[in-house]
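I have placed the structure first, in the form of structure tokens, so that the comments after it can refer back to it.
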Amino acid sequence: MIFAGKRPNNLGVSNGKLAACPNSPNCVSSQSTDTVHQIAPLTFNTSPEQAIANLKSIIQSLPRTTIITESQDYIYAEFKSALMGFVDDVEFYLDRNANVIQVRSASRLGQSDLGVNRKRIETIRAQL
């Protein structure tokens with residue numbers, strides 16, 4: 001837990017948006033407009049309720065993961081790295097208007113994440 005860092009206080013959904021990524025490259029967001037941070041939202045071909053339930057079970061199946069907050073349209077989970085205990089804050093927002101799940105995955109500390117946040121979201125996308 002040496003490298004856990006403090007939980008950010010800017011998480012959650014505000015006016016249909018997740019928090020913007022910081023300038024550092026260790027964050028991806030489906031609502032970001034720049035190429036460094038941009039990632040496609042998660043799509044689903046079930047009901048929104050079933051999609052969020054499927055997403056929750058995928059999150060729970062991943063190692064070193066804790067769901068911190070969840071509601072009908074939102075899940076916030078912490079993912080810890082195996083080696084140093086770095087924590088990534090990962091958010092999922094069910095955007096019913098666009099019929100997609102918006103995502104944001106960001107490392108708490110450091111600059112580079114060696115692509116871990118992007119890879120995590122792509123792993124979840126493949127399972128969803």
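In what follows, residues are counted from 1 in the order of the sequence shown.
With respect to R7 and D89, no salt bridge is recorded, no charged nitrogen being found less than 4.0 Å from a carboxylate O. Using a cutoff of 4.0 Å between basic side-chain nitrogens and carboxylate oxygens, R125 and E122 are scored as salt-bridged. Between E78 and R108 there is a salt bridge, since at least one side-chain N of the basic residue sits less than 4.0 Å from a carboxylate O of the acidic one.
Hydrophobic clustering of Ile, Leu, Val, Met, Phe, Trp and Tyr side chains at less than 4.5 Å, counting indirect connections, keeps Y76 apart from F86. In the hydrophobic clustering of ILVMFWY residues, with side-chain heavy atoms under 4.5 Å counting as a link, I52 and L128 come out together. At a threshold of 4.5 Å between side-chain heavy atoms, the hydrophobic network of Ile, Leu, Val, Met, Phe, Trp and Tyr places V90 and I75 in one connected group. The cluster map of Ile, Leu, Val, Met, Phe, Trp and Tyr, joined by side-chain heavy atoms under 4.5 Å apart, puts V103 and Y74 in different clusters. Under the 4.5 Å side-chain heavy-atom criterion for ILVMFWY residues, no single connected hydrophobic cluster contains both V13 and L55.
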Inset, instruction - Given side-chain hydrogen bond (donor to acceptor under 3.5 Å, both in side chains), test N26 with S112 step by step and report yes or no. - result: CA-CA 5 Å; N26 58 1; S112 174; over 6 Å; no
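Closest approach of L94 to P48, counting heavy atoms only: CD2-CB, 3.6 Å. Nearest approach of R104 to L11, heavy atoms of both residues: NH1-CD2, 3.5 Å. Heavy atoms only, all atoms of each residue included: H37 and S24 are closest at NE2-O, 2.8 Å. Here the closest heavy-atom approach between residue C27 and residue N117 is recorded as N-ND2, 4.4 Å. Scanning all heavy atoms of the two residues, the minimum distance from P25 to D113 falls at O-OD1, 4.2 Å.
In terms of modelled atom types and a separation under 3.5 Å, the side chain of E91 and the main chain of S105 share no donor-acceptor contact. The closest donor-acceptor contact from the side chain of Q31 to the backbone of G16 lies under 3.5 Å. Here the side chain of T65 pairs a donor or acceptor atom with the backbone of P63 at under 3.5 angstrom. A donor-acceptor contact shorter than 3.5 Å is absent between the side chain of N15 and the backbone of K17.
At a threshold of 4.5 Å between non-hydrogen side-chain atoms, the residues F79 and T66 do not count as touching. Residues E49 and D73 fail the side-chain proximity criterion, which asks for heavy atoms closer than 4.5 Å.
Annotation: the span from Y93 atom OH to S29 atom OG amounts to 12.5 Å, rounded to 0.5 Å.
The number of heavy-atom neighbours closer than 6.0 Å to CG of N23, taken from other residues, nucleotides and ligands shown, is 12 or below.
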Sequence neighbours excluded and cut-off under 3.5 Å, please list the side-chain donor-acceptor pairs for residues 38-45, or say none.
from: Q38; atom 1: NE2; to: S30; atom 2: O; distance (Å): 3.2
from: Q38; atom 1: NE2; to: S32; atom 2: O; distance (Å): 3.2

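Side-chain contact annotation: T46 with N54, donor-acceptor N/O pair under 3.5 Å absent.
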